Student: 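Input: one structure, supplied below.
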Amino acid sequence: MKLPEATNFIEQIINEELEAGKFESTGNEIHVRFPPEPNGYLHIGHVKAMCINFGVKEKYHGTLNLRMDDTNPAKEDYEYVNSIVDAVKWLGFEYDKLVFASDYYDRLYEIAEKYILDGNAYVCDLSAEEITATRGTLTEAGKESPYRGRSVEENLKLFREMKAGKYPDGAKVLRAKIDMTSPNVNMRDPIIYRIARVPHYRTGGKWCIYPMYDFAHPVSDAIEGITHSLCSLEFENHRPLYNWFVEKAGFPAPRPRQIEFARLNITNTLMSKRYLKKLVDEGFVSGWDDPRMPTIMGLKNRGVPPVALKKFCADVGVAKAYSVVNQAQLDSCIRDELNANAERAMAVINPVKLTVTNYTGEEELDFEINPTKEDGGTRKVKFTGSVYIDREDFSLNPPPKYKRLQKGGTVRLKGAYIVRCDDVKLNKNGEVEEIFCTYFPETRSGSTTPCEVKAKGVVQWVDCKHGVDAEFRQYEPLLKDEEYPDQDYAERLNKNSLKKFFGKAEPYLAESEDNKPFQLMRTGYYKKCTDGGLILSEIVSLKDNFNK
RNA sequence: UGGGGUGUCGCCAAGCGGUAAGGCACGGGAUUUUGAUUCCCGCAUUCGUAGGUUCAAAUCCUGCCACCCCAGCCA
């Protein structure tokens, strides 16, 4: 069989297994899953996990289940499952089936009884504190529970009574009978089921006992016929347990194999759901979809194209080494994508009026919609000689290498003419109120006749008569100076640090009306942004000088 | 101090015994009606460290060092 080329260590493992014929009995089909818990919104860290899983699915023509890992009813809700499905779809990933761990509650219960029948599980009456106390420490072995020796019959009776609601919350748990002296703490008789009278968003009040992740996850994988269960590094210690639960449940080979990879970290970005929730709950941001948030919805609102996110994950790669990726790497992917595909538009954020004194009438100019494209098309922009330019594009005291407009200097109004500044009108405070220029007709954009007049720079503008107002919001970046924020940083967050916000100044947050991101045309904009000096801006609705 | 992992350029990351890919960042130059883009050119004699095996080691062996994860009835 022809094996696809592996681009990371996970695919390498899969190739080796395929080569060894591990999956011949099941037709060499590869099955993966993406298993978020519906207890919050997906963020860019999840995009990496999705890229890996969906990447395997596509490469091996396998199947992928989007599985809601909903075994803790206290935190889960439909609100989150809907947002997850939306996010996956927005990213353009196609899953084969949407499944829920809660779909398997009956089957999971049966398997738990099998564990009991096989002498692999027992009901334990110890309190939570007692269990913790007898678990031992990292260096000392744990002590066996006094209930460990209960007969199969007694365990079965007790477990059924647990299910039937005979005992209060926390009174009993079902435990796996493994090894209290294991150096791996996870193997010291972990809990399989706990009693919790919490209504589940899907099963309602049907159950008062709920399975734990360590049991439910591997068994759900096995039930679905998952071949590769890809998860993050912190589950490495759980792998022996994962295998134990699958084997003792009696699933035949090939059994699912858990493979761990390093999760995504980005400088200046907090990635944990818990802290993102804190930002939302305490009003630091307007919501999970606030454009400063690293959530998928936040990124979307910032105007980040999905393919840029995928490109970023591909660039970052998959490995097992702990790492923190520079935000510049993400920015670069976004800029690349926007540069190649975004429609160009001119916008003036901080306007000052510029009047061309020797121009009369009105004309239509042609603008390329995307100059990087062979035939990106053009649009018409009306020009009347009376325009707004950005205050930053004019200077009374220009710094040494200033390339934009100054008194007596020339500049090209993008797509129009070169103008020379003759005079400036100041207000009482000495601020520029209006700029007066003369234009040179022979410098009209696109003109082939050579002319003497040269411009130092190019400046964008919006026509006073035909330009349209846009609503504009600005944000200050959060975590400006924190290289990589540790968890303490989030703890330190309080109302006083409100001026520090999430994310960094970047030019990609504007969206045009049809939701297509476009590149904001500002001279030097990118440069300034990468210096970290600019504030994050969001154009809420923008109608520039397109003539529709 | 137990167990499980990881250490290759400022940041990611290939490499799997034959003499250090690539991306981001950075520096220099050219083109440019976005100080953007594009385009060249430069950027690890060295792979945590100390030994060993070998004609040959980032790759194999041994010791050491550093960092991460694990003691939820969370996932």
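Owing to the predicted nature of the structure, the values given are computational and were not obtained by experimental measurement. For the numbers below, each heavy atom of this structure counts, side chains included, while hydrogens, waters and symmetry mates do not. Just so it is clear: chains get the letters A, B, ... in the order the sequence lines come, proteins before strands, and each one is counted from 1.
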Student: In whole angstroms, how far is the P atom of G15(B) from the CD atom of E5(A)?
Tutor: 10 Å
Student: Look at the side chain of T372(A) and the base of U37(B), then say whether one donor and one acceptor between them are separated by less than 3.5 Å.
Tutor: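 Such a pair does not exist between side chain and base.
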Student: When the distance from CG of L126(A) to P of G72(B) is rounded to whole Å, what number comes out?
Tutor: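 The answer, rounded to whole Å, is 14 Å.
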Student: Would you measure the distance from the P atom in C61(B) across to the matching atom in C74(B) and give it in whole Å?
Tutor: 42 Å
Student: Considering only atom P, compute the distance from C9(B) to G5(B) and round it to an integer number of Å.
Tutor: 23 Å
Student: For D315(A), enumerate each residue passing the salt bridge (charged side-chain N to carboxylate O under 4.0 Å, His left out) test, keeping only those at least two apart in sequence or located in another chain.
Tutor: K311(A)
Student: If the C1' atom of A57(B) is compared with that of U19(B), how far apart are they to the nearest Å?
Tutor: 9 Å
Student: Check step by step if ring-ring contact (aromatic ring centres under 6.0 Å, His included) holds for Y122(A) and F159(A).
Tutor: CA-CA 8 Å; Y122(A) 62 96; F159(A) 185 47; over 10 Å; no
Student: R412(A) near the nucleic acid: base, sugar-phosphate alone, or nothing, with a heavy-atom cut-off under 4.0 Å?
Tutor: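 Since a base atom lies under 4.0 Å of R412(A), the category is base.
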Student: Both distances below 3.5 Å, Watson-Crick or wobble geometry, any strand: find the nucleotide opposite U1(B).
Tutor: none
Student: What is the separation between atom CG on L338(A) and atom P on U38(B), rounded to the nearest whole Å?
Tutor: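 Value for this atom pair: 13 Å.
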Student: Consider the side chain of A321(A), meaning its heavy atoms from C-beta on, and name the nucleotide among U33(B), A13(B), G72(B) that approaches it most closely.
Tutor: A13(B)
Student: Which of the following nucleotides, G5(B), C73(B), U33(B), is nearest to the side chain of I131(A)?
Tutor: C73(B)
Student: Over how many whole Å does the gap from Y193(A) atom OH to C73(B) atom P extend?
Tutor: 16 Å
Student: Just to verify, what does Y359(A) make a ring-ring contact (aromatic ring centres under 6.0 Å, His included) with, not counting sequence neighbours?
Tutor: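 Result, ring-ring contact (aromatic ring centres under 6.0 Å, His included) vs Y359(A): F383(A), Y439(A).
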Student: With rounding to the closest Å, how many angstrom separate the P atoms on U33(B) and C47(B)?
Tutor: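 Going atom to atom, P in each nucleotide, I get 48 Å.
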Student: Answer with yes or no whether Q329(A) presents, from its side chain, a donor or acceptor under 3.5 Å of a partner atom in the base of G23(B).
Tutor: yes
Student: Between C73(B), U33(B), C12(B), which nucleotide has the shortest distance from any of its atoms to the side chain of V316(A)?
Tutor: C12(B)
Student: In chain order, what residues pass the ring-ring contact (aromatic ring centres under 6.0 Å, His included) check against F245(A), with sequence neighbours excluded?
Tutor: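 Applying ring-ring contact (aromatic ring centres under 6.0 Å, His included) to F245(A) gives Y115(A), F215(A).
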Student: Hey, does the side chain of R335(A) come within less than 4.0 Å of A25(B)'s phosphate (OP1/OP2), counting only N and O?
Tutor: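 True: R335(A) side-chain N/O within range (under 4.0 Å) of A25(B) OP1/OP2.
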Student: Using the C1' atom on both, measure G2(B) against A71(B) and round to a whole Å.
Tutor: 11 Å
Student: Sort out the partner of C64(B) for me: Watson-Crick or G-U wobble, both distances under 3.5 Å, none otherwise.
Tutor: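 Here C64(B) is engaged in a pair, and the nucleotide opposite it is G48(B).
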Student: Indicate syn or anti for G72(B), taking the glycosidic torsion and treating anything within 90° of 0 as syn.
Tutor: syn
Student: Name all residues meeting the salt bridge (charged side-chain N to carboxylate O under 4.0 Å, His left out) criterion together with R67(A); count only those two or more places apart in sequence or in a different chain, and write none if there are none.
Tutor: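 Salt bridge (charged side-chain N to carboxylate O under 4.0 Å, His left out) check on R67(A) returns D221(A), E224(A).
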Student: Can N8(A) and Q12(A) be counted as having a side-chain donor-acceptor contact under 3.5 angstrom?
Tutor: no
Student: Pick base, sugar-phosphate or nothing for K172(A), based on heavy-atom distances below 4.0 Å to the nucleic acid.
Tutor: nothing
Student: Send over the distance from N326(A) CG to A13(B) C1', rounded to a whole Å.
Tutor: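 Spelled out: CG on N326(A) to C1' on A13(B) is 14 Å.
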Student: Ignoring hydrogens and angles, state whether a donor on the side chain of Q329(A) or Q327(A) is under 3.5 Å from an acceptor on the partner side chain.
Tutor: no
Student: Within a strict 4.5 Å, meaning less than it, do heavy atoms of the Y210(A) and P73(A) side chains meet?
Tutor: yes
Student: Out of C70(B), G15(B), A14(B), which nucleotide sits closest to the side chain of A319(A)?
Tutor: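 Within the option list, the nearest is A14(B).
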Student: Does a side-chain N or O of R274(A) approach OP1 or OP2 of A75(B) to a distance below 4.0 Å, or not?
Tutor: no
Student: If you measure only the distance, is there a donor-acceptor pair under 3.5 Å linking the side chains of H217(A) and R33(A)?
Tutor: yes
Student: Can you run down the salt bridge (Lys or Arg N to Asp or Glu O under 4.0 Å) pairs that involve residues 163-186 of chain A, sequence neighbours left out, and say none if there aren't any?
Tutor: D125(A)-K172(A), E161(A)-K166(A), D169(A)-R197(A)
Student: For E368(A) and A36(B), what is the distance between atoms CD and P respectively, to the nearest whole Å?
Tutor: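 To the nearest whole Å, that distance equals 18 Å.
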Student: Using a strict heavy-atom distance below 4.0 Å, which residues from residues 35-44 of chain A are in contact with RNA chain B?
Tutor: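 Going residue by residue through residues 35-44 of chain A, the ones with a heavy atom under 4.0 Å of RNA chain B turn out to be E37(A).
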Student: Could you state the atom-to-atom distance from NE2 of H238(A) to P of G72(B) in whole Å?
Tutor: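 These atoms are roughly 11 Å apart.
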Student: Taking salt bridge (charged side-chain N to carboxylate O under 4.0 Å, His left out) as the definition, give me every residue that meets it alongside E130(A), ordered by chain and number, with sequence neighbours left out.
Tutor: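 Counting only residues at least two positions away or on another chain, E130(A) forms no salt bridge (charged side-chain N to carboxylate O under 4.0 Å, His left out).
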Student: In terms of the nearest nucleotide of RNA chain B, which residue is placed more toward the 5' end: T71(A) or T7(A)?
Tutor: T7(A)
Student: Which whole-number value in Å describes the distance from E260(A) CD to G5(B) P?
Tutor: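 Whole-Å distance recorded here is 9 Å.
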Student: Extract from the structure each pairing of a protein N or O with an N or O of nucleotides 1-4 of chain B at less than 3.5 Å, listing the distance.
Tutor:
residue: G2(B); atom: N9; partner: L138(A); partner atom: O; Å: 3.2
residue: G2(B); atom: N2; partner: P183(A); partner atom: O; Å: 3.3
residue: G2(B); atom: N3; partner: L138(A); partner atom: O; Å: 2.9
residue: G3(B); atom: N2; partner: N237(A); partner atom: OD1; Å: 3.1
residue: G3(B); atom: N2; partner: N237(A); partner atom: ND2; Å: 3.1

Student: Taking the same atom, C1', in U1(B) and in A58(B), what whole-Å distance lies between them?
Tutor: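 The same atom, C1', in both gives a distance of 32 Å.
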Student: State whether S127(A) places a side-chain N or O below 4.0 Å from either non-bridging phosphate oxygen (OP1 or OP2) of C73(B).
Tutor: no
Student: Want to settle it: does Y402(A) or G317(A) sit nearer the 5' end of RNA chain B, counting the closest nucleotide to each?
Tutor: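 Residue closer to the 5' terminus by nearest nucleotide: G317(A).
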Student: Measure from the side-chain heavy atoms of K320(A) and tell me the nearest of G5(B), A75(B), U37(B).
Tutor: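 Side chain of K320(A) sits closest to G5(B).
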Student: For D214(A), check salt bridge (charged side-chain N to carboxylate O under 4.0 Å, His left out) against everything at least two apart and list the hits.
Tutor: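 Residues passing salt bridge (charged side-chain N to carboxylate O under 4.0 Å, His left out) with D214(A): none at all.
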Student: Taking only the P atom of each, what is the distance from A66(B) to A50(B) in whole angstrom?
Tutor: 15 Å
